[in-house]
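First comes the structure, then the notes that go with it.
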Amino acid sequence: MENVNVVIAGPRGNMGREAVRMVNETEHFTLQAVVDSKHDGMKIADIDGLPALDIPVYTDMEHCFSEQSVDVLIDLTSPAFGRKHMEVAFNHGVRPVVGTTGFSDEDIKELRQLAEEKGIGGIIAPNFAIGAILMMKFSQMAAKFLPDVEIIERHHDRKLDAPSGTAIKTAQLISEVREARNQGHPDEHEELKGARGADFEGMKIHSVRLPGLVAHQEVIFGGEGQTLTIRHDSMNRASFMPGVRLAVETVLGIDTLVYGLENIID
Ligand code: NAP
């Protein structure tokens, strides 16, 4: 495969640090620069906790793209900045691969329109772990036969959005094969607000945030005299990197915005 020039936004974050390592260790990827919220004009080597690399740090993405030759932007920041970064990338002919979660349906629709106007591909994946994609696919399969389902997602307590992008995506995939239906007792009421979780077409989604967790999800199906639990655990951020690498390779060959890693793996 030909060399791919990559820029990473959010290099000091939990995900960004792993991405710096992955890109640096992938033979056909070249890390051209990083975009951080501070350290403008410095080198990656000057930032605590990052490898000793003589690669420039920018705080302004426009500035970065005007000085560097870039094929792909990997964004691992926050929804507000992630969206802005994607727009700047499309406007500079750079293909974004985005792990940042918390985009609305409207964001995705508008970003897809921009990608198609420019004729440049992009990928947003709320979960880059291959096992999590399988969890979603197996859940969709199970929901055809067991339509009563609740989702419990657990994440570290620095996560900003709830429910997680993966939980919403799982519910969306299940809703493609399941008629919307209310679950639980028809007369149930909450003694404490939120006790039954968020509601997606009658499916309940519960979000746990605790230190010590990484990213975990259970999809629990209930039927007459039986339950089925499909569970995935990401033990560390390295679990996401094969998916990020695959997305960087795939984004070079597409000309629209793809949402979800399940759409690029067979
Ligand atoms: P994190 O540890 O909080 O890191 C986020 C990083 O982004 C921080 O270093 C932050 O810097 C930086 N940042 C914020 N605004 C920026 C800007 N405008 N320019 C450059 N850098 C900026 O979060 P994380 O755990 O790495 O997660 C990052 C995102 O990925 C979140 O949206 C998370 O939900 C998502 N995520 C996705 C997956 C997946 O598989 N798709 C997996 C895990 C997490 P400051 O601290 O200075 O603000």
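Remember, it's 1-based here, ligands and their atoms both numbered in the order they're listed. These numbers come from a predicted model, not from an experiment.
Between His232 and Glu218 there is no side-chain heavy-atom pair separated by less than 4.5 Å. A 4.5 Å side-chain heavy-atom check between Val251 and Val72 finds at least one atom pair inside the cut-off.
When only modelled atom types and interatomic distance are considered, Glu153 and Thr166 share no side-chain donor-acceptor pair under 3.5 Å. Side chains of Asp233 and His216: a donor-acceptor N/O pair is present below 3.5 angstrom, by distance only. Side-chain contact check for Lys159 and Ser207: no donor-acceptor pair (N or O, by modelled atom type) lies under 3.5 Å.
In this structure, Asn5 contributes its side chain and Asp71 its backbone to no donor-acceptor pair below 3.5 Å.
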Does ligand 1 have any N/O atom under 3.5 Å from a protein N/O, and what are those pairs and their distances?
residue, atom, partner, partner atom, Å
ligand 1, 2 (O), Asn14, N, 3.0
ligand 1, 2 (O), Asn14, ND2, 3.2
ligand 1, 2 (O), Arg158, NH1, 3.2
ligand 1, 3 (O), Arg158, NH2, 3.2
ligand 1, 9 (O), Gly13, N, 3.2
ligand 1, 11 (O), Arg12, NH2, 3.4
ligand 1, 11 (O), Ser37, OG, 3.4
ligand 1, 26 (O), Asn14, N, 3.1
ligand 1, 26 (O), Met15, N, 2.8
ligand 1, 32 (O), Thr101, N, 3.1
ligand 1, 34 (O), Thr101, OG1, 2.7
ligand 1, 34 (O), Lys159, NZ, 3.1
ligand 1, 40 (O), Phe128, N, 2.7
ligand 1, 41 (N), Gly99, O, 3.1
ligand 1, 41 (N), Ala125, O, 2.8
ligand 1, 41 (N), Pro126, O, 3.2
ligand 1, 47 (O), Arg12, NH2, 2.7
ligand 1, 47 (O), Ser37, OG, 2.6

